[in-house]
Amino acid sequence: MNKKNSLILALDVLSRDKALELTEQLVDHFDAIKVGYPLILHAGLGIVEEISSISPVIADLKIADTPNTNRLICEAVLGAGADAIIAQAFPGKDSLVACADCAESFGADLFVVTEMSHPGAEQFMAPLAERMARLAVESGASGVVAPATRPERIRMIRSIIGDKLIISPGVGAQGGSAGEALQAGADYLIVGRSVYGSADPVAQAKELAAQVEQSRRSN
Ligand code: NUP
């Protein structure tokens, strides 16, 4: 992933045509397009192949199974053209290493969820986030997912993972601030509804780019 815009589009629309239209419109404003269950379940795995011919794709399947099943999931989505996968840490090291090994064999990146961005993540995930961040490093991940809704948690996770990447959802629709997440140590912001749900997605993307630029200048 080329860190040009520091922005990843979360493309949680439900139709192939809408997904491809938005991808074409927005490809120059985002470093990658993240697709997950909503789009893949509606449009089929072929959408990964189609979008990956236009932009790098992160498959957000939050993979969370046994090592063998994790491998089968990774092979399917990386084989369809994804450049990166997202996995959960909580099934443990062997499950995560299965994802890391598969990603490596495809020359792809693995991002590991530490603490999610929604309020409920404070219940079970937050108390274990430090350990999950450590496990991500030990397992050979490229980076982690950390919450833009809680910049202080990005800071804490950064102190554990060193120079691994942080991709950070929660800006916009979930209330997180782009500038605060970047200042706290996020490398990329993941943004969905506030862009694809807006009347003018390109204008929204440009507004985000301006916020990224402002944050870079104040560093
Ligand atoms: O902790 C997480 N929070 C989160 O919102 C981990 C994620 N992967 N996501 C995803 O990021 C979520 O599933 C959605 O695809 C995107 C955020 O989209 P939005 O809230 O900006 O619409």
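Counting convention: from 1, in listed order, for ligands and their atoms alike. FYI, side chains are in, hydrogens and waters are out, and symmetry mates aren't considered; it's all heavy atoms of this structure.
- Within 6.0 Å of CG in D200 there are more than 12 heavy atoms belonging to other residues, nucleotides or ligands.
- Checked by distance only, ligand 1 and G192 come closer than 3.5 Å through their nitrogen or oxygen atoms.
- Ranking protein heavy atoms by distance to atom 3 (N) of ligand 1, first place goes to S117 OG, 2.6 Å.
- Among the candidates L11, V202, L7, the single residue satisfying the side chain to side chain contact (heavy atoms under 4.5 Å, CB included) test with L26 is V202.
- From the protein, the heavy atom lying nearest to atom 16 (C) of ligand 1 is A10 CB, 3.6 Å.
- With a heavy-atom cut-off of 4.0 Å, P169 touches ligand 1 through its side chain alone.
- Legend: salt bridge (charged side-chain N to carboxylate O under 4.0 Å, His left out) pairs involving residues 73-90, not counting sequence neighbours, sorted by first then second residue: R71-E75.
- Atom CZ of F124 has 12 or fewer neighbouring heavy atoms from other residues, nucleotides or ligands inside a 6.0 Å radius.
- Near R193, meaning under 4.0 Å from one of its heavy atoms, ligand 1 places the atoms 19 (P), 20 (O), 21 (O), 22 (O).
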Please step through side-chain hydrogen bond (donor to acceptor under 3.5 Å, both in side chains) for the pair Q174 and S117, ending with a clear verdict. CA-CA 8 Å; Q174 297 181 48; S117 55; 2.6 Å; yes
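- Taking any N or O of D60, backbone or side chain, at least one lies under 3.5 Å from an N or O belonging to ligand 1.
- Among residues two or more places apart in sequence or in another chain, the side chain to side chain donor-acceptor pair (under 3.5 Å) test is passed with E104 by none.
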Could you please spell out the steps behind the side-chain hydrogen bond (donor to acceptor under 3.5 Å, both in side chains) verdict for Q211 and E207? CA-CA 6 Å; Q211 291 173 30; E207 170 56 33; 2.9 Å; yes
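- When non-hydrogen atoms are compared, ligand 1 lies under 4.0 Å from the backbone of M116 as well as from its side chain.
- Nearest protein heavy-atom contact of atom 17 (C) of ligand 1 is Q174 NE2, 3.7 Å.
- When only non-hydrogen protein atoms are considered, atom 14 (C) of ligand 1 lies nearest to D12 OD2, 3.2 Å.
- Nearest non-hydrogen protein atom to atom 13 (O) of ligand 1 is K62 NZ, 3.6 Å.
- Considering backbone and side-chain atoms alike, K34 places an N or O below 3.5 Å from some N or O of ligand 1.
- The environment of E138 atom CD is dense: over 12 non-hydrogen atoms of other residues, nucleotides or ligands sit within 6.0 angstrom.
- For ligand 1, none of its N or O atoms has an N or O atom of Y196 under 3.5 Å away.
- Of the residues listed (R216, K164, R158, K4), the one engaging D187 in a salt bridge (charged side-chain N to carboxylate O under 4.0 Å, His left out) is R158, and it is the only one.
- For the ligand labelled ligand 1, residue H118 lies outside the 4.0 Å heavy-atom shell.
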